[in-house]
Structure formats: C-alpha cells, structure tokens
There are 2 protein chains.
Amino acid sequence: MQKAASLKDVARLAGVSTATVTRVLHNNGYVGEETRARVTSALKETGYQLNVVAQSLRKQQTRTLGHLLNTITRNPFFAEVALGLEEQALQHGCNVFIYNVQASAERERLGVETFIRRRTDGIVFTSPVDPANVELAAKAGIPVVQVDWLARVDHNAVLVDNEVGAIEAMEHLFALGHQRIGFIGADPARFRHSADARPSVAEQRLSAYRKSLAAMGIAADEALVQIRPYYYSLDERDAAEGYAGMRELLTLEQRPTAVFATCDILAAGALQAVHDAGLRVPDDISVIGFDDTYAARLSPPLTTVALPMREIGERAADLVFRHMPPPSDAASEPDIVTLPSRLAIRGSTAAPVSQ
Amino acid sequence: MQKAASLKDVARLAGVSTATVTRVLHNNGYVGEETRARVTSALKETGYQLNVVAQSLRKQQTRTLGHLLNTITRNPFFAEVALGLEEQALQHGCNVFIYNVQASAERERLGVETFIRRRTDGIVFTSPVDPANVELAAKAGIPVVQVDWLARVDHNAVLVDNEVGAIEAMEHLFALGHQRIGFIGADPARFRHSADARPSVAEQRLSAYRKSLAAMGIAADEALVQIRPYYYSLDERDAAEGYAGMRELLTLEQRPTAVFATCDILAAGALQAVHDAGLRVPDDISVIGFDDTYAARLSPPLTTVALPMREIGERAADLVFRHMPPPSDAASEPDIVTLPSRLAIRGSTAAPVSQ
DNA sequence: TGCTGATATGTCATCGATGACATATTGGTT
DNA sequence: AACCAATATGTCATCGATGACATATCAGCA
C-alpha cells in the first residue's frame, strides 16, 4: 500500500543522483563498479518499478497499441486475432488496449479519440465500421492497420483473400465430383458500406461461388442460392438461418449434392437440418464451411476454409511497427498484406452418390 | 502527421494562460464569457486532444485496468468476461490492457510487473495461474480481483457457484426421471494448485455430482464416472475426450440414461458418440453440459448450465472500482461475489424411456 | 609538467496537465 | 469611503524519467 518508490527515492538511498540510477537501469553510460552495486541494492531494497507513465511522457512514446474490435457480440475469429496481435506487440515491448466497438460507428469514433488521447503508438481496426474513423486516426498521425476488411486502399491492411479461399472450397467440391452445389450465405447488401467501397466479405464469397461455377461451365441456378439475413451473430440465430437455408435446398425437386456455406455457423445449422431430414453428411450431401471457427472443429467435424487468424493479428502488429515514426524507410506507402487461407478437409465432404 | 497540440499551444493561440484553458476544458473555476469563447475556438482550431499520459502522471491515476487472461488458447468464456469487464470499465472512464498469460506462471508474473510499471488502477485475474502473482500485485498496492477461481480468500473475487450449478443440472435430470446418470469430466488432479488451495472448478463439479447422487440415495457406481485427461483446450482434442468418454459409457452392460458432462465441449463430443452409435439424443439418452459456451447453442442445442459470463466481467470491474484508493469506506475487506448460474434447458434432455 | 581522452557522476530543463496560490477587477454593502 | 465577496486570470511547482551538458578525476603520453 506504500506508494511506489521513484528514481529519486532510489538515488537518495544509494547516495547518488537520479542520472546515475537511470544509467544503471538502462545499462548505458559510465557507472563505477562500486556505485553500480550500491544502486543495484538500493533498487532491490526499494522494490523499484519503473514508472512507464512518466517514461512515456518524456519519451513521447507510450509503447502501447489500441485495438478496436468490432465484436458484434462474441466472435472467436476476432478473439484469435486479438491474441496474435497482443503476442506480437509484446515482442516489441508494447501492450494492447482493447476497445469493443459493437458494430457502432459512434462507439468506434469514441474509441479512436480515446486512443488519440492516450497517445497509442498505433491503432488496429479489426473490421472497421466507418472508414471515416480510420481517417480520423490517420490524420492524428497514428499508424493505422485495418484487419479483415478495408473500404479503400489508403491505409495499411492485413487481409485474407476470400475469393481464393472460396474458389478453393468450390474446387474441392468439384474434385470430389459435385456439380450441383448449393450456397448458403449472408446478404451482401447488408454489409455494403458505401457505393465506392471495396466489396464486403459476403460479396466476395458469393461472387467467388458464382465465378467458380461459371469457370466450370455449370449453369447458374438461382434456386440453389440461399441468401439469408443474418451473419456474424454466431449464435443460435445464425445457426437457425443455416438450418432454414438447408431446409429450402432439401425441398428442391433436384436437391444439391453439396452445399457451400459462407461461415461455419451457417454450416453447423445446415448440418443439423440434414440430420433432421433423416439424411447423412457426407454420404447424402456434403457441406463445406468458412472461417474455421471452432464450431467447425466440434462434432461432426466440418470441412472448411481455415483463416490464419492468429497470424493475421501478428502481421497487423508488424505493420504497425513498420510504420511507427520514424517510419522505417519507405514505410510511408501503405502496406497491404494478403494472407492465404487453407482448406481444412474434415469429415463433412465426400464424393456424391452417383445418380 | 503534425504533432499534437498541447495546452500551451492552445493557450498561446487564445492569448490566455494554460490554467484558463484547463478551466474551460474541465468546466470548473471562473472563466469569463468572452474568454471561454476564445479558448473554445482555439481548442477547435488546434484540434486539441488531451494528453492522458501527462494527466495520468500528474493525477497519479491512469484510469486503466489490467486484465490477465489465462487464455489456454481460445476460450470463449474468457472472451466474454473480457467484454463485460471492458464495457464496465468504460463506464468509469477506464481503458483495459489485455495480457494473455497462456497458462504460464512466468508469463503471468511478467504481466503483473508490466501492469505495476504501467501503474494500472487495478488488475483482474481471470483464472489466476499462480496465487503468488496475485499476492505480488496486491503488495504493490493495486486493487486485485480474481475471476473464476481463487486459491485463498485474501482478495476480491467474482465467482460462480459451480456446486449449485452442478446440483441444479443433476436435479433437472432427476426431475425428468433419470436415476442412472453418467459423468464425463476433467481430471481434478491436473488442476490442483497446492495442497491448501480451494478446490478447483473440476473438483467442485465432480463432488457436486457425487453429492447429488448421495442425496437422492442412489448408490455410486464408479463405472459411470469417466475422468478424462483434457480440459479447456476447447477444440477437437476435448471433443474427442467427450466422444471417448461417452463411448465407454455406451458399452456398459447397463448404460446410463443420462450423462452429465462438465463442459460443453465434452458434451458436444459425447453427442457425436451417441449419434455415431445409432442412438438419438434425447430419446435414447440425455446429455447435459456446462458453461453455455456457444458450442451449446449450435446444433443440436444442448441443455447446459449457463454461466453469466458478461456479468462476471462487469462485477469484476465494479469490485476494482470499489477498492480503488481512496478505498470506498469499508472496502478494505476483500469482497467475494458469487453469481448464480442458470440452467438453460434446450433439446438434449428428456425423460428416459421406461425400461 | 601539461595535455588528452576515457571514465564517472551530478545538474537541470523537458515532456504536458493540474491545481494551489497569488493577483486583479468588479459590483454591491455598510 | 472603506470593505467584502464574487469573479476572472495568471504563475509556478509538481508528477517521474530522461539525456544533453557540465564538471571532475585519473591514467597515459608527449
């Protein structure tokens, strides 16, 4: 409960000046053998712990990152990103401030202002809500990194190529022999930010589905495309949408032999629908998911497009540090890193029964 | 990119002293009508943002909490707690530093020291690894709150009554008419911290299972108790353990009509085992889980003991603030808050088929 | 002897905000 | 006229660490 010792206290105890204590602490400059010993023992005795607040003020650097998380309640994807970010920040001696934005542009703005006032050395936006807020941070001179999605290419970003991932998923199904492939996904319109913004994740996955079919010369059948209202709530609501989507597909006169769901929760709901219809996965119908949230790793195991979540966070941290002043060399140009996804083949996909 | 304006800059622009600017900023003391206007417009013009670092140094208060998370990779339980904590901290104008401990006592110590150096106003341990680290923080005079588990009762804590929760789960099964109830759970021995420490979560749930049976006058049958090695990894490994545990139970000559699993992932694996054995839940066998992670909310929906995760985080924040200096009144005594769990009855439990 | 460079240590302004204190100007009261 | 309280604003030490700079000592060398 005694207030913490300051440099001055240590200096007094050791009978030296504060400058000498600093020199011992950081092991630079000249310090006599005997003096060093006295200071060291004084440090021990007082239980001195550096005051990082004072240090930050003096050095004009807080060794702190701000992480704006667009949680949309519980999203394991983002939690994993946060972990990677924190891990990597630690490597650089930085700590991370968490700020849950909850899909609100207003809260996101508050978060940015908080971080500006706290003089964080960088800000990471995981799924930015409003591009204007990214701009706000950048204008304050703080290095900014966007994760998962970006509206424009003016700033650093760590992305996943959703299109490639989706195409690989489709090609996996093609390779197994599927031709009639259903789609269950979120409504892209709900996630469009502005007319000139880059396509949303939902849009990318849907368009990749269409492109894949076209590339295979398979005629598009809109009856196979189930666009569902929810996305990213990641609980029973979304599972229910996946369930409903699959139900629709199963009632088709000529039902699909495989279904591509744009996220694991939708896929999980879809699996249940198959099961409840008295059919079996993957014998009667294959299901493939996206994201590799651990919903995919439970039972039954789901084939899915795995995103390197941890690594995304790590790379985001790296980008921040590359752009911290003084900007390392040419680091004034925005860096855009795109990481590959990986197809995790589990038990929910197999060759179709020949008809 | 221009460095941020300071109070002095604003003062100069407005032609007043820094004291006056402070008064305008915090709206206290006397400020003339016309002066206020000049200052206000100077604030606007410079885009002034308070330097919280300097403020913290001066006020000897950082408005910052440290959150030590014993993640053990991805645990949605803790993520939800973190959210509640952050949310509530925000209400008090505080931001939260995240620190992932990854089950390492050494890393936990580093985290505590980091927070001491950063002079956080409080530290929350979610599932502390080593009680000594809690002590370390407390000795530095920082209010400490333990979440989920505590070794001794010397410090504040927010807990859930695992025993009551488990008993309610058992009583739910009894009420449905089950008598022969299996158990699948973690090995308590793996989670014992020290001889004199309070029982671990795993121990509490197991002993509640035994007590419930005894209270009903049902003879204990150790063949029904499946103690499995893993716990809290929350991925396919744990699901596999649940699967294996259920397999064992199903091969019993007289198999249980219901199974109590001490976490949802074990339960999820168990469900799969039932399914693969050609049996149906809940028709042939009931399964009940614990925690209400969203593994329970997918498909098929799982009856489970729901923990108020968000609220746990919120209460933890409250406790920190109650114990921040000056300690509010009698708040020098440790506060131990125990929150109730809630039985979330979903589709995985039903009356047994009469035999 | 006097000079140089290496070694050793102290002084102090600085980072930016705060608030106690001092000072100055009112209008109103006895 | 003298005084007081309310109003208005400025001065400056302080929080703690840092590092530029000044100073001091000493060994080695010309």
Side-chain angles (χ1 to χ4, degrees), chain A residues 2-40 42-43 46-64 93 116-121 140-141 325, chain B residues 2-40 42-43 46-64 93 116-121 140-141 325:
Chain A
Q2 70 298 343
K3 68 188 166 307
S6 74
L7 262 196
K8 211 187 276 182
D9 300 322
V10 177
R12 191 177 314 118
L13 184 60
V16 296
S17 73
T18 59
T20 301
V21 181
T22 299
R23 280 188 279 260
V24 172
L25 268 181
H26 301 304
N27 202 32
N28 57 12
Y30 295 109
V31 179
E33 203 52 36
E34 196 254 358
T35 309
R36 163 166 278 121
R38 272 206 335 276
V39 171
T40 306
L43 285 169
T46 54
Y48 176 78
Q49 288 280 19
L50 178 67
N51 185 328
V52 176
V53 176
Q55 188 186 50
S56 297
L57 176 60
R58 170 63 214 237
K59 289 204 167 179
Q60 295 291 305
Q61 208 208 51
T62 56
R63 301 256 101 197
T64 274
I116 292 178
R117 282 195 289 269
R118 291 215 178 259
R119 302 293 194 265
T120 63
D121 295 336
Chain B
Q2 69 298 341
K3 65 189 169 307
S6 75
L7 262 195
K8 211 188 274 184
D9 299 323
V10 176
R12 191 176 317 120
L13 184 61
V16 297
S17 73
T18 59
T20 300
V21 181
T22 300
R23 281 188 278 258
V24 172
L25 268 181
H26 303 301
N27 203 30
N28 57 11
Y30 295 110
V31 179
E33 203 52 35
E34 196 255 357
T35 308
R36 163 166 277 120
R38 262 193 358 263
V39 171
T40 305
L43 285 169
T46 56
Y48 175 78
Q49 288 282 18
L50 178 66
N51 185 327
V52 175
V53 176
Q55 187 186 49
S56 297
L57 176 60
R58 170 63 214 238
K59 289 204 168 178
Q60 296 291 305
Q61 209 208 50
T62 55
R63 302 255 99 199
T64 274
I116 292 177
R117 282 196 289 269
R118 290 214 178 262
R119 302 293 194 268
T120 63
D121 295 337

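Sequence lines set the chain letters: A, B, ... in the order given, protein chains first and strands last, and positions in each chain run from 1.
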Visitor: Tell me if the side-chain of Arg23(B) makes a donor-acceptor pair with the base of dG10(D), cut-off 3.5 Å, by modelled atom types.
Guide: yes
Visitor: Rounded off to whole Å, could you give me the CD-to-P distance for the Gln61(B) and dA17(C) pair?
Guide: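 Computing the Gln61(B):CD to dA17(C):P distance gives 17 Å.
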Visitor: Go through dG19(C), dG19(D), dG16(D) for me and flag the one nearest to the Ser6(A) side chain.
Guide: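 Closest nucleotide among those given: dG16(D).
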Visitor: I want to verify a distance call: between dA17(D), dA17(C), dG19(D), whose nearest atom is closest to the Gln55(B) side chain?
Guide: dA17(C)
Visitor: For Leu57(A) and dG19(D), give me the distance from atom CG to atom P, rounded to whole Å.
Guide: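 Rounding to the nearest Å, CG of Leu57(A) and P of dG19(D) are 13 Å apart.
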Visitor: Quick check on side-chain contact (heavy atoms from CB on, under 4.5 Å): which of Leu50(B), Val52(B), Asn51(B) does Arg118(A) satisfy it with?
Guide: Val52(B)
Visitor: Could you tell me the separation between the OH atom of Tyr30(B) and the P atom of dA5(D), rounded to a whole number of Å?
Guide: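 About 12 Å, once rounded to whole Å.
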Visitor: Rounded to the Å, how far apart are His26(A) NE2 and dG16(D) P?
Guide: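 To the nearest whole Å, that distance equals 16 Å.
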Visitor: Are Leu25(B) and Val39(B) packed together at the side-chain level, in the sense that at least one heavy-atom pair is separated by less than 4.5 angstrom?
Guide: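 The answer is no, as the side chains (C-beta and beyond) never meet within the 4.5 Å cut-off.
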Visitor: Of all the nucleotides listed (dT9(D), dA17(C), dA17(D)), which has the minimum atom distance to the side chain of Tyr48(B)?
Guide: dA17(C)
Visitor: What does Val21(B) touch in the nucleic acid at a heavy-atom separation under 4.0 angstrom: a base, only the sugar-phosphate, or nothing?
Guide: nothing
Visitor: Between dA17(C), dG10(C), dA17(D), spot the one nearest the side chain of Ala54(B), thanks.
Guide: dA17(C)
Visitor: To the nearest 0.5 Å, what is the distance between OH on Tyr30(A) and CZ on Arg36(A)?
Guide: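 Result: 12.5 Å between the selected atoms.
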Visitor: What is the distance, rounded to the nearest whole Å, between atom CZ of Arg117(B) and atom P of dA17(D)?
Guide: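 The answer, rounded to whole Å, is 12 Å.
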Visitor: Over how many whole Å does the gap from Asp9(A) atom CG to dC15(D) atom P extend?
Guide: 10 Å
Visitor: How many angstroms lie between atom NE2 of His26(A) and atom CD of Gln55(A), to the nearest 0.5 angstrom?
Guide: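 If we round to the nearest 0.5 Å, His26(A):NE2 and Gln55(A):CD are 5.5 Å apart.
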Visitor: Touch check for Thr20(B), heavy atoms < 4.0 angstrom, all strands: base, sugar-phosphate only, or nothing?
Guide: sugar-phosphate
Visitor: Begin with the C-alpha distance, continue with both residues' side-chain angles, and end with the deciding distance and a verdict on side-chain contact (heavy atoms from CB on, under 4.5 Å) for Thr20(B) and Thr35(B).
Guide: CA-CA 9 Å; Thr20(B) 300; Thr35(B) 308; 3.9 Å; yes
Visitor: Between dG16(C) and Gln60(A), is there an OP1 or OP2 to side-chain N/O distance shorter than 4.0 Å?
Guide: yes
Visitor: Side chain of Ala19(B), heavy atoms from C-beta onward: which of dT11(D), dT11(C), dG16(C) has the nearest atom to it?
Guide: dT11(D)
Visitor: Roughly, in whole Å, what's the span from CG in Asn51(A) to C1' in dG16(C)?
Guide: 14 Å
Visitor: Whole angstrom is fine here: how far is it from NZ in Lys8(A) over to C1' in dA13(D)?
Guide: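 Whole-Å distance recorded here is 11 Å.
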Visitor: Under 4.0 Å from OP1 or OP2 of dA17(D): is there any side-chain N or O of Ser56(A) that close?
Guide: no
Visitor: Can you name the nearest heavy-atom pair linking Thr62(B) to Ser56(B), along with the distance?
Guide: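 Reported closest heavy-atom pair: CA-OG, 3.5 Å.
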Visitor: When you measure from the side-chain N and O atoms of Thr35(A) to the phosphate of dA8(C), is any distance below 4.0 Å, counting only OP1 and OP2?
Guide: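 Answer is no, no contact under 4.0 Å.
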Visitor: Students often get this wrong, so: under 4.0 angstrom with heavy atoms, is Val53(B) touching a base, only sugar-phosphate, or nothing?
Guide: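 Nothing, no nucleic acid heavy atom in range.
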Visitor: Considering only dA17(C), dT11(C), dA17(D), which nucleotide approaches the side chain of Leu7(B) most closely?
Guide: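 Given the options dA17(C), dT11(C), dA17(D), the side chain of Leu7(B) is closest to dA17(C).
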Visitor: Is Thr18(B) close enough to dG16(C) that one of its side-chain N or O atoms is under 4.0 Å from OP1 or OP2 there?
Guide: no
